[in-house]
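Reading through the structure tokens given below for one structure.
For this chain, numbers begin at 1 and follow the sequence in order. Counting convention: from 1, in listed order, for ligands and their atoms alike.
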Amino acid sequence: MLNFHSENLLVHFRRIERLKEEASRYESLDLNQRQLGDLELLLNRAFYPLIGYQNMADYESVLDSMRLVDGTVWPVPVCLDVSEKTAAGLKPGMHLALRDEEGFMLAVLNIEDVWEADKKRHAACVFGTDDEHDHPGVRKLYREVGPFFVGGGLEGLHLPMHYDFSELRTAPAETHRVFTQRGWRKVAGFQTERHLHCAHREMVLRGAREAGANLFIQPVVGRAGPNDLDHFTLVRCYQEFIKNFPRNMIQLGLIPLERRLAGPREALWEAIIRRNYGCSHFMVSEDHSDPFAGDTRERFYPLGAAQELVKSFEDEIDIRMIPLEKMVYVEDKAQYFPLNKVEPGMQVKEISSAELKRRLEFDLEIPEWFSFPGVVSELKKAYPPRHQQGFAVFITGLSGAGKSTLAKVLYVRFMEMRDRPVSLLDGDIVRKNLSSELSFSRFHRNLNVQRIGFVASEITKNRGIAICAPIAPFEESRQTAREMVSPYGGFIEVFMSTPLEICEQRDRKGIYAKAKAGIIKGVTGIDDPYEAPVEPELSIDTTDLTPTEAAQEVFLFLEEQGYIR
Ligand code: PPS
């Protein structure tokens, strides 16, 4: 059990002042989000009994036997990873100041070992394969984790700071206190990172009741980044979810754990961590921490292996395993049943997450047997129906193909509708304001289109309409723009396919004449390429179309797709 004399690894304030003074002579490292999660769990003692990053001997022992050198069960390495360059400047006996992304010093690492990791061996031991194509956890280890590891004890100055949901980010010492205050002798920990609905309520309630335990729902969440829309929605949904339980039997807490997806080993590790938070039981599903859990692919680890491993260590790690059973809704009984108790002839109903998303997008019914009104209302706020989402109309084509004219007609018509804010990012406007220093080289054109994509994605995120009308001659940057906008709303690529001869005849700005006279070089369509879009949502040739007719094609498409009504 947690030793309350060391409920965290933070040092006394006089020692903090001393360390701050000395830190100017230390090497320094800014931790990324993944590393900050590990540091927080070391400092707040969720990783008890670790008092710092594992040294080489403990690391090797963890790989080989799932134990520290002293015999304590510990199945997953916790080391600080650094680049080759950083490692070259570090030696045993030195101190390393660990800082957050803003450079604020959080801890000092007293270095014991620095070594180059044998990642293949690491992967084979922890994940059961060294092939990155087989396992996303291995891919992450190879690609995102630094090649050198550093081990040593920690002196903490501050816990990493959080500005969102801070009241839910309870440390182990606090959860111990809460459980004791409430008189909870038995507490079952439940870890999740998904949206939770009625089936999950039935599943965790059933597990907790069988063990006679209260519930500690502890979702895994990272630090909120600027583009992290879903993180806020998830936590709001959890807050709504727990309202549907009997009173005084459920507690919600967030944990900044960077999951490795190491299947059974990870389940055992997570059980140890929950014990440190004060849980007496931990709920384990048959595919717990499997990299392919929750999708349609075959699981990487044998079903039930995680439950068996945790069960076999129950006494030693001092926490009981509760096997979780998948629950399904049986329509004729109007009730949830464990999957293995469903009899032939029973009508089972399910809604996949893809189907749920579709229903949200098209504003369709989400039945009460599936989810709770509070959860659905939070989801609706985050995933509004298409007619309330933002979108970008991205018009691309040669100079003179009719982009600006179409953009202007769309602009006034959207303004007339008055249901969403509208921004016009015409090629000329952008070139004057956002990209005034750029030339027409391939690199600069791509950069220009990328900037337009960024602005359009911000507008879309805030549920506005962005009308973009650059030439955008290259597929690569059009694709980048699509990727930036799509997470937040629709991206409608409109290819103005008006032939070059027609554009040349129009030549309103005279650029084709100048190009032919050799006054300007690198004009798109003349001596610079235009790559036609591969799969645009719409192709419009304005040779024989009026601007109103061209706009009507766009409106029909938007209506059909549900963006306007
Ligand atoms: S790009 O390729 O998307 O970055 O171009 P864009 O920002 O849309 O700018 C196109 C307008 O700039 C004028 N212009 C040129 N176009 C093409 N090639 C060269 N070399 C060039 N030099 C200046 C041109 O008038 C474009 O305006 P539109 O409205 O498209 O006719």
[X] and [Y]: side chain donor to acceptor below 3.5 Å:
{"X": "Q218", "Y": "Q191", "value": "no"}
{"X": "E270", "Y": "H288", "value": "yes"}
{"X": "E476", "Y": "N446", "value": "yes"}
{"X": "Q389", "Y": "R463", "value": "no"}
{"X": "R445", "Y": "S435", "value": "no"}
{"X": "R431", "Y": "S436", "value": "no"}

Quick look: N448 vs ligand 1, heavy-atom contacts under 4.0 Å, and the answer is side chain
Within the 4.0 Å heavy-atom shell around [X], which atoms of ligand 1 are there?
{"X": "S399", "answer": "28 (P), 30 (O), 31 (O)"}
{"X": "V523", "answer": "18 (N), 19 (C), 20 (N)"}
{"X": "K403", "answer": "30 (O)"}

Is the terminal nitrogen or CZ of R442 (NZ for Lys, CZ for Arg) located under 6.0 angstrom from the six-membered ring centre of Y530 and within 45° of that ring's axis?
no
For ligand 1, find out whether one of its N or O atoms is nearer than 3.5 Å to an N or O atom of [X].
{"X": "G522", "value": "yes"}
{"X": "P473", "value": "no"}
{"X": "A472", "value": "yes"}

Counting non-hydrogen protein atoms only, what is the nearest one to [atom]? Give residue, atom name and distance.
{"atom": "atom 2 (O) of ligand 1", "result": "R445 NH1, 2.8 Å"}
{"atom": "atom 16 (N) of ligand 1", "result": "I471 CD1, 3.6 Å"}
{"atom": "atom 28 (P) of ligand 1", "result": "K509 NZ, 3.2 Å"}
{"atom": "atom 12 (O) of ligand 1", "result": "F440 CZ, 3.3 Å"}
{"atom": "atom 24 (C) of ligand 1", "result": "I511 CD1, 4.1 Å"}

Determine whether any heavy atom of I520 lies closer than 4.0 Å to an atom of ligand 1.
no
Check contact between D428 and ligand 1, using heavy atoms of the residue and a distance below 4.0 angstrom.
yes
Assess whether salt bridge (Lys or Arg N to Asp or Glu O under 4.0 Å) is satisfied between E559 and R565, documenting all intermediate values.
CA-CA 6 Å; E559 236 162 49; R565 49 181 201 180; over 6 Å; no
To atom 17 (C) of ligand 1, the nearest of L398, T524, D528 on a heavy-atom basis is T524
Just going by heavy-atom distances, which of H444, K521, R431, M496 is nearest to atom 4 (O) of ligand 1?
R431
For I471, is there any backbone N or O sitting under 3.5 Å from a side-chain donor or acceptor partner on T396?
yes
Check step by step if salt bridge (Lys or Arg N to Asp or Glu O under 4.0 Å) holds for R299 and D287.
CA-CA 7 Å; R299 304 291 182 265; D287 57 359; 2.7 Å; yes
